[in-house]
> 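Can you keep this structure in mind? I'll have questions shortly.
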Amino acid sequence: MTAGSAPKAGRKEWIGLGILALPTLLVALDVFVLLLALPHLSADLGADSNQQLWIMDIYGFMVAGFLVPMGTLGDRIGRRKLLLIGGAAFGAASLLAAFATSAGMLIAARVLLGVAGAAISPSTLALISTMFQDAKQRAAAIGMWASCFTLGAIIGPLLGGVMLEHFWWGSLFLLGVPVMVLLLVVGPKVLPESANPEAGGIDMPSVALNLGTTLPVIYGIKELARNGWSALSVAAVIVGIVLGVLFVRRQRALASPLLDVTLFRHARFSASLLGLLAYSLIGGTVMLFMTQYFQAAQRMTPLEAGLGLLPGMAAATVSFMVCPIIARKIRPAYVIGAGIAGVVAVLLTFSQLDATSGTTTLVVGFAVFSFCGAPLVALGTNMVVGTVPPEEAGSAGALSQISNEFGAALGVATLGTLGLAVYRDRIDTAVPADVPDGAAEAARDSVSGAASAAQGLPQQLADALMEPVRVAFTGGIHIVATVSAILIAVAGVFFVALMRHIPPVGQEEAPSEEAPSEEAAPEEAASETAPAEEKTLTV
C-alpha cells in the first residue's frame, strides 16, 4: 500500500486531536510547575533531599510500572473509555496532592497520579494512531501532540511563577481539575472508540510479573545511585531481572499476551525506543538542575526562573512543528542525527560553565538543546506507533511513554543523584566557619537547603554561604553535562546507523530495505504481513 492510499483525517479528527492534547498539556504543566514548587513545598512540608527526589520521580516510576497493563487494557476495553477513566482519577488525585499536609501524603498522591497517568498516556497516543492513518498527517499530528509537552512547559513556569507569588504551592495541582472536567465533557463527543475486538482477557499473573519487574529494578537502581552498593539494592535489581525473564517467557507462551514481545524484533521500533529513553533521561535532569540553579544558586524568584526556561520551550515547540515537514524531504535518521549533534554540543558547553557564568549561557544553551532534541521525540514516536498494526497501538503507545517517563525518572534518580553527590563532596569543607551549624548542615544536604538557610541569615553572611554553594553546584553540573553528552552521543550513533535506510516520511520503502523482516520467523511474518506492511511502508 502506498502512502497516498490511506484515508485522510477530517475536521472531527483534528478537533479530537485538540481534546487529546489536554491531558498531555496537563502532564507537562504538572511536571514543570512542580520543578518550580519544589523549594516551596520542601520548606512547607519539611521534605529532606531524599523525599524531594521521591516527590519528583515517583510519578514517573508508577507510570512506568503501570503503562504496559494500562496500554493492553485500553486495547481490550476501549482506549477512549480508559482515557476517560484515567482522566477522572487524575483529577481526584490532583485534589489530594493540592491539600497534602506532609511529604509522605504528597508522595502518596503522586503515586495515585502516576497510576492515573498510566491510563491516560497510551490511550492518547493509540487514538492518534487510529484517527490519523495517512503517514504525513500522522507525523504532523504526533508532532503537534508532542509540542503540547513544551506548550505546557511554556505556560507552566509562567503560570506557576505567578501562582507561587500569590497562592500556596498546592494551588498548582488544582490546575489539573478543570482540564480533566473538560476532557470528560467533550471527549465522548469527538473521540472515536477504538479497541481490539479479538483481544483476550487480561492475564493477571503477567500484570504481577510486569510490576514485579519494573518496581524492584527502579528501586534498586535508585538506591545504588544514591547510597552506593548495598545488599538490599543489589537484591532488588536481581529479583527484578529474574522476574523480567519470567515475564518475557510467559508472554511468548500466551495466545493473548499482556505485551507482544515480538515487537522488539523490529529494528526501527527498538532503536526508536532506545533513542527516546536516552533523550528523556538527560532532558529531565537538565531541567531539574537549571531550575535549582536559577532559584537556589542565583536566588531568582519562581517567575524569573520560569522566564529563564521560556526560550527553550518556545524553540522546542517550533521544532516539533517543523521537523515532520523537513522529514518529508530528508531521511528521518539524518534529521534526528543532526539534532543529537546539536544536543551534544550544548551539553559540552554546559560542562565548561563556572560559578560566575550567570544565567545567559544556560538560557541560550537550553533553547538550542530543546530545538535540536525535538526531532528525536516527534519522529521517534512516529516510528514507534507507525511500525505496529492498529490492534497493538495501545501497547506501542505504552512502550513509547515508558521510554519517556521511565527515562526522565531514571535520569533524576541516577544523574540527579550523581550531581548531588558531587555537590555534597565539594561543599563539605567549603562552608565558611562563621556560618551557624544549622545553616551549614542544610547547605551540606542540598542546594535548596542552602538557599532556605540563607534567607534566615544576615545579608553578608548569606552571601558568604552562597558563594561556595554556587561553586559546588556548578561542579555537579559539569559532571552531569559530561556524562549526559556521552550517553546521548552513543545513542545517536546507534540510531543513525540502524535507521539510515528509512526513506523520508510518506515515501514508500523498498521491500529489500526492510530490516525487521529479516529477524522475524517465517510463520510470524506470514501471519502479520498485511497489517505490518501497511503500517511500516508509510512510516
Side-chain angles (χ1 to χ4, degrees), residues 64 67-68 71 121-122 124-126 128-129 132 135 138-143 145-146 149 259-283 319-320 323-324 326-328 330-341 343 372-390 392-408 410 487-507 509 513-520 532 535-539:
L67 267 173
V68 169
S121 298
T124 300
L125 195 52
I128 291 176
S129 178
F132 297 91
R138 186 177 64 245
I142 290 177
W145 168 80
F149 288 103
L259 175 66
D260 183 4
V261 294
T262 62
L263 291 175
F264 292 97
R265 295 181 179 178
H266 293 267
R268 73 185 61 185
F269 184 86
S270 298
S272 297
L273 287 177
L274 178 63
L276 293 172
L277 176 68
Y279 182 71
S280 60
L281 189 147
I282 67 169
S319 185
F320 277 127
C323 67
I326 297 176
R328 297 176 186 177
I330 302 175
R331 292 177 181 249
Y334 298 149
V335 178
I336 293 172
I340 291 177
V343 169
C372 293
L376 175 57
V377 178
L379 299 177
T381 302
N382 183 52
M383 287 182 182
V384 170
V385 300
T387 302
V388 304
E392 295 184 352
S395 296
L399 291 171
S400 172
Q401 290 302 300
I402 282 178
S403 293
N404 292 325
E405 299 291 349
F406 181 75
L410 186 62
L487 289 175
I488 195 64
V490 171
V493 171
F494 176 76
F495 184 92
V496 174
L498 285 180
M499 300 292 101
R500 66 182 185 274
H501 69 282
I502 298 176
V505 172
Q507 295 185 20
E509 182 175 342
E513 294 182 345
E514 179 54 39
S517 61
E518 297 175 1
E519 304 176 12
K535 299 293 288 185
T536 302
L537 294 183
T538 58
V539 172

> Residues in side chain to side chain contact (heavy atoms under 4.5 Å, CB included) with A141, at least two apart?
W14, L17, I128, F132
> Which pair of non-hydrogen atoms, one from P332 and one from P503, has the smallest distance, and what is that distance?
CD-O, 3.4 Å
> Within the structure provided, determine whether I282 and V343 are in side-chain contact (heavy-atom separation under 4.5 Å).
yes
> Sub-3.5 Å donor-acceptor pair from the side chain of S280 to the main-chain atoms of L277, do we have one?
yes
> Who pairs with A491 by side chain to side chain contact (heavy atoms under 4.5 Å, CB included), at least two apart in sequence or on another chain?
A278
> Shortest non-hydrogen contact from P375 to C323?
CA-SG, 3.8 Å
> Taking only residues two or more places apart in sequence, or in another chain, which ones meet Y334 in a ring-ring contact (aromatic ring centres under 6.0 Å, His included)?
none
> Looking at CH2 of W145 and CG of N382, how far apart are the two atoms once the value is rounded to the nearest 0.5 Å?
11.0 Å
> Minimum heavy-atom separation for T381 to V377, with atom names?
OG1-O, 2.6 Å
> To the closest 0.5 Å, what do you measure between CD1 (I336) and CD1 (I330)?
12.0 Å
> Residues in side chain to side chain contact (heavy atoms under 4.5 Å, CB included) with L281, at least two apart?
L410, L415, L487
> How far apart are the closest heavy atoms of A378 and F320, and which atoms are they?
CB-CD2, 3.7 Å
> Compare every heavy atom of L376 with every heavy atom of I340, then report the nearest pair and how far apart it is.
CD1-CD2, 4.3 Å
> Using atom types as modelled and distance alone, determine if a side-chain donor or acceptor of R138 lies under 3.5 Å from a backbone N or O of S129.
no
> Contact between I502 and M383 at the side-chain level, heavy atoms closer than 4.5 Å - yes or no?
yes
> Which atom pair, heavy atoms only, marks the closest approach of F495 to A271?
CD1-O, 3.5 Å
> side-chain contact (heavy atoms from CB on, under 4.5 Å) for L273 and V384? Distances and angles first, verdict last.
CA-CA 7 Å; L273 287 177; V384 170; 3.9 Å; yes
